Amino acid sequence: MERITVVGAGHVGATAAQRIAERELAREVVVVDILEGVPQGKALDQWESAPVEGFDTRVTGAQGYAETAGSGIYVVTAGLARKPGMSRDDLLRKNTEIISGISKEIARHSPDSIIIMVTNPLDVMSYVAMKTTGFDRQRVVGMAGILDTARFRSFIALELDVSVQDIQALVLGGHGDSMVPIVSTVTVGGIPLTEMLSEERIEALVERTRKGGGEIVKLLGTGSAYYAPSSAAVQMVEAIVRDKKRILPCAAWLEGEFGLEGLFLGVPCKLGQPGLEAVLEVPLTDAEQQALAASAEAVRGTMSLLSL
Ligand code: APR
């Protein structure tokens, strides 16, 4: 791919740009931020690591979007973090403004691009991007499920003292608190997790995963997780750039799958060169179906606060 743009040169964005460059997923990575000098400074610093790391992907920074023209993918991480005294609604309003502004620029400068939404609340921000750009659902996908499953897999690996590579897991629904882990699908080297751990232990790991974001926030004191979130976003980039047809849990616009439509929600997605190639359905128990419906209601509740 000729060019990939990362919007937002903060923790998640800068780390995503670095991972994209180090894996040479494009000839150029452009990092855009409203902060004067910051995207240019981080980009230059990353480019200066190229001779040591051995990558040839050019890393550049910009305040505007002319430099991003013709990008195949935009990873959108720009936004505000919630500050003391700021309500969730204030944050939603502010981030909606930011994401719709960015989406207009994307549609103008790279009308054929694919958007990977990372900014929270990502299900709703994905909707804002889809609505503002007019892109179809193939070209707007949100990042959450890969991060939630990665956290779950990392905790299972610690518990069982086995390689993370051998652990497969699937979570559906919203990000974090409202995620719906499909425990029957979790396997360790092909063996069902339920054969290896008690129900109580599995529930404890699920609970830790649900609160995984909060655990990091608490430890850091300021800011939130960015290493694992950027890894997750870049896995989506790689699936698209290399047309891998990977099956990954991502937030996709639903058109009747799982009995739901008209919202973004975490579901198993097939990602390849055109973006979202398909949403895959899995059989759910009644409890899982109910949990997914509750997750959908939470997303719809936030969507109803939007004035687009
Ligand atoms: N255009 C471009 N960049 C913007 C804009 C805008 N309109 N508005 C804000 N930004 C930039 C900020 O200047 C900042 O550099 O977005 C960046 C956000 O970075 P951080 O505050 O470090 O946040 P980060 O930890 O990277 O998280 C970004 O990802 O995981 C989600 O919940 C998280 O929504 C948050 C997003």
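Predicted model only: the values in this text are computed from it and were never measured. Each ligand, and each atom within it, is numbered from 1 in the order the structure gives. Excluded from the calculations below are hydrogen atoms, water molecules and symmetry mates; all remaining heavy atoms, backbone and side chain alike, are included.
- Heavy-atom proximity to L35, at under 4.0 Å, picks out these atoms of ligand 1: 13 (O), 15 (O).
- A donor-acceptor pair shorter than 3.5 Å can be found between the side chains of S71 and T5.
- Closest to atom 4 (C) of ligand 1, if we only count protein heavy atoms, is A78 CB, 3.4 Å.
- Protein heavy atom closest to atom 31 (C) of ligand 1, with residue, atom name and distance, is V118 O, 3.6 Å.
- Residue contact check: T119 has heavy atoms under 4.0 Å from atoms 34 (O) of ligand 1.
- Of the protein's non-hydrogen atoms, N120 N, 4.2 Å is the one closest to atom 35 (C) of ligand 1.
- When only non-hydrogen protein atoms are considered, atom 23 (O) of ligand 1 lies nearest to H11 N, 4.5 Å.
- Protein heavy atom closest to atom 36 (C) of ligand 1, with residue, atom name and distance, is T77 O, 3.4 Å.
- Not a single protein heavy atom sits closer than 4.0 Å to atom 21 (O) of ligand 1.
- Within the structure, ligand 1 has G79 among the residues with a heavy atom less than 4.0 angstrom away.
- Considering only non-hydrogen protein atoms, atom 26 (O) of ligand 1 sits nearest to V12 N, 2.8 Å.
- Hydrophobic clustering of Ile, Leu, Val, Met, Phe, Trp and Tyr side chains at less than 4.5 Å, counting indirect connections, keeps V164 apart from L158.
- I247 is not connected to I240 by any chain of hydrophobic side-chain contacts under 4.5 Å among Ile, Leu, Val, Met, Phe, Trp and Tyr, and they are in different clusters.
- The nearest heavy-atom contact from the protein to atom 19 (O) of ligand 1 is G10 CA, 3.2 Å.
- The protein atom (non-hydrogen) at minimum distance from atom 11 (C) of ligand 1 is D33 OD2, 3.2 Å.
- Every residue two or more places apart in sequence or in another chain was checked for a side chain to side chain donor-acceptor pair (under 3.5 Å) with T96, and none qualifies.
- In summary, the side chains of D148 and H175 do present a donor paired with an acceptor at a separation below 3.5 Å, with no hydrogens or angles considered.
- A donor and an acceptor atom, one from each side chain of Y227 and T15, are nowhere located under 3.5 Å apart.
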Using atom types as modelled, flag every donor-acceptor pair under 3.5 Å from a side chain in residues 190-203 to any protein atom, sequence neighbours excluded.
unit_1: S198; atom_1: OG; unit_2: R201; atom_2: N; d: 3.2
unit_1: R201; atom_1: NE; unit_2: E159; atom_2: OE2; d: 2.8
unit_1: R201; atom_1: NH2; unit_2: E159; atom_2: OE1; d: 2.9

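- Using cut-offs of 30° and 60° on the angle between ring planes, the pair Y226 and H11 is tilted.
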